[in-house]
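To keep things clear, I will list the structure first and then write my remarks on it.
Values below: every heavy atom of this structure, side chains too, minus hydrogens, waters and symmetry copies. Letters A, B, ... mirror the listed sequences (proteins, then strands); counts begin at 1. These numbers come from a predicted model, not from an experiment.
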Amino acid sequence: MAILEIENLDVRIPVGAGVLHAVRNISLQVEAGQTLCIVGESGCGKSMSLLAIMGLLPRTAQRQASALRFQGTELSCLNARQMEDIRGRGIGMIFQDPLTAFNPTMSIGSQLEEVHMRHMGAGRTVAREKAISLLRQVGITSPESRLAQYPHELSGGLRQRVMIAMALMCDPVLLLADEPTTALDVTIQAQVLRLLKGLQQKLSIAIVFVTHDLGVVAAVADRIAVMYAGEVVETGSVRDVFRAPQHPYTQALFGCVPDIANVTAGRLGTIPGRVPSLVTPIQGCAFRERCAKAMEACAMAAVSLKPHADGVFSRCLLSAEGINTDEELTHA
Amino acid sequence: MTKPISATPSAVLSRTAVLALLTRWCPHNWRLGLGSSILLLILLCAIFAPWLAPHSPYDQSLTDRLLRPMFMEGGSWAHPLGTDHLGRDYLSRLLYGARFSLLVGFGTIVLSAFIGIGMGVAAGYFAGKVDLIVMFILTVRLSLPIMLATLAIVGLLGNSLPLMMLVLACFLWDHFLVVARSLTLRLREAEFVLAAKASGYSDLRIMISEILPNLVGPLVVVATLEMGHAILLEAAFSFLGLGIRPPDASWGLMIAEAKDFVFFEPWLVNIPGLAIFILITAITLLGAGLQRLLVKD
């Protein structure tokens, strides 16, 4: 059974005069023990999607979904109290910046323990044992003494490990990670990714991992969803998408990855143009203005996700029918 | 490894952090040192008044009326600060009066901090309609003249110490509210508040255990300054006959009772006046010192 099922999730946030259509009609699924990576540029709705799942969108935001199920429970039917029980208990969350995500006035220990006490109804001693065992699992030496320390006394890598431990305090079945390695340097990043992967295999939790780093995706993901301008433009298993990306945006993203084997290649690849404003309604394909393969038909109507070989779905007119149909579409 | 003080977040207020800060900053923070030692001295005087006072503050002796203090001509050590118009020992009354001044100061601050911080944090955290209502209440409060409103309330209900503190508390919460609200408005966007929500904490829990500890530093500063304000107001009300009831002594009341003699025996007014001045100065110094210590940015 899928741990998390999202169908047609839509998020709109009123801003000034207009309405920011932050997440447009996305559908995702995560199975137990699986890692789904959501990839995309800044402001493409990755983090908003995570917040929408947790029900933590800004107060003014509107969330619509034909289904938003966690372990078969429809989340949009729950009241605030029931939602609080799911947050932290069933779904753990890891944030990008482990410094700002801890309360500076409380010791690591009390922050970890309180999550456990809140959800499991455990006493302080039980919670403390759980915290110590988890800190040990995330590779922190002498966890007993760490518990008394404050967030500012720990290094970035340590803080991120503590944050992972905090998200795991109540044995969640789903972990939402919002760029958990972006604030870390590369060696620590590799350690944290290995740690997450190891914990996932041991505890068989599902992870939704938001990142803009394709290297990270290759390291942790089972499935990938590429987002652009608030919608999923390509999704499939990591191996298939990495081997043969279908959507021009995904292809362009891969074109931007520096090639170490061929350093003499010159300039780093970039995608020309900018992400379209999400306030003005988007006609047709959102990527067409930056797409090298754009055609007249791209501007006509919204493109739907089309199945491709190996269960890869792509939101491009070119992908399903193949490039041969270029002519027909242009004349249509 | 020693950690540099400047790297700690401004509002960290654990016991160890406070001790470390005090030992490190007191030599460089004369305001804090001077203010807290004077205040401590006054506090000890007030607590140990029954042992320190040479006479009872209520014993009248009409033969010993208006004796001058020892440092003036005709003074004696029997009454170091002289006696008032009813022959009561002035030093004893001053010592007992400190109890009322400090009690009113502390009591008022506890109550008004409760009101102000509660509304301020709620307004900042929920924003929107809650904020609108709280700001309306604040506007109403700011438009009420304290003296006139208190006069009306005391006139209706009669004067007593608890009523005095309650009335003052109802008028002195505005600074707490403004400071708590503006800091909370900034903190509600902090990622650790989002993290707390993601851990399934309720709004009330987040306000109390996540936001409040981060407000302690600035609010302690507000509390000291407002305490000085409360003591001054109590003195003013006692002077007007709205505060402490005779024969109890309070510094404001002592000035009121001495006002008839101000041209003949000015020391009667000057001694309690000086006491109020020293207490307020000490509290203000403490507030300024704490501000430098706790609110660095």
Side-chain angles (χ1 to χ4, degrees), chain A residues 47 50-51 53-60 80-107 110-112 114-120 148-155 159 163 166-170 172 175-178 183, chain B residues 1-18 20-21 124-132 183-220 294 296-297:
Chain A
S47 300
L50 288 196
L51 292 181
I53 298 169
M54 289 294 255
L56 292 176
L57 289 167
R59 257 164 243 269
T60 50
R81 177 93 203 116
Q82 291 165 317
M83 202 57 217
E84 279 167 14
D85 286 337
I86 286 197
R87 286 184 213 129
R89 174 78 182 80
I91 310 180
M93 194 155 182
I94 305 175
F95 290 87
Q96 175 176 353
D97 187 346
L99 177 58
T100 54
F102 282 109
N103 190 333
T105 58
M106 283 163 78
S107 70
S110 48
Q111 298 194 48
L112 285 172
E114 288 204 358
V115 187
H116 199 69
M117 287 154 69
R118 153 78 178 81
H119 287 289
M120 312 302 256
Q149 291 190 307
Y150 285 82
H152 67 266
E153 296 175 287
L154 304 180
S155 69
R159 271 199 293 265
M163 171 101 90
M166 187 154 147
L168 295 174
M169 273 306 276
C170 301
L175 209 54
L176 303 182
D178 191 354
Chain B
M1 193 189 80
T2 56
K3 54 175 202 285
I5 286 294
S6 57
T8 62
S10 64
V12 170
L13 207 78
S14 70
R15 253 162 298 162
T16 46
V18 164
L21 283 171
Y125 184 78
F126 292 113
K129 282 199 186 94
V130 179
D131 191 31
L132 216 63
L183 290 173
T184 308
L185 272 176
R186 205 165 45 169
L187 282 173
R188 70 192 286 261
E189 309 290 340
E191 202 159 52
F192 68 81
V193 171
L194 187 67
K197 284 183 192 166
S199 302
Y201 290 158
S202 63
D203 288 332
L204 185 67
R205 176 77 180 262
I206 291 172
M207 283 189 274
I208 292 173
S209 70
E210 303 289 326
I211 291 186
L212 210 50
N214 285 289
L215 305 182
V216 169
L219 287 178
V220 164
L294 298 171
K296 277 197 241 55
D297 40 337

In terms of side-chain heavy atoms, does B/E210 have a donor or acceptor partner in A/N103 at a distance below 3.5 Å?
-> yes

side-chain contact (heavy atoms from CB on, under 4.5 Å) partners for A/L99, two or more places apart |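 Scan of A/L99 (side-chain contact (heavy atoms from CB on, under 4.5 Å), adjacent residues dropped) gives A/D97, A/R159.
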
Could you check whether any side-chain heavy atom of [X] comes within less than 4.5 Å of a side-chain heavy atom of [Y], counting everything from C-beta outward?
X	Y	result
B/M207	B/L212	no
A/L168	A/L175	yes
A/L154	A/F102	no

Among [options], which residue has the highest count of heavy-atom pairs closer than 4.5 Å to chain B?
options	result
A/E114, A/Q111, A/Q96, A/R87	A/R87
A/M169, A/M163, A/M106, A/R59	A/R59
A/P58, A/A101, A/G55, A/G88	A/A101

Contacts of A/R81 meeting salt bridge (charged side-chain N to carboxylate O under 4.0 Å, His left out) (sequence neighbours excluded), chain-then-number -> A/E84

Does B/D131 have any salt bridge (charged side-chain N to carboxylate O under 4.0 Å, His left out) partners at least two apart in sequence or in another chain, and if so, which?
->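 Listed in chain order: B/R181.
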
Ion pair check, B/R188 and B/D203, cut-off under 4.0 Å =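 Looking at B/R188 and B/D203, the cut-off is not met.
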
Counting only heavy atoms closer than 4.5 Å, note whether A/I86 contacts chain B via side chain, backbone, both or neither.
-> neither

Among residues 191-200 of chain B, which ones touch chain A with a heavy-atom distance under 4.5 Å?
->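 Checking residues 191-200 of chain B against chain A gives B/E191, B/F192, B/L194, B/A195, B/K197, B/A198, B/S199, B/G200.
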
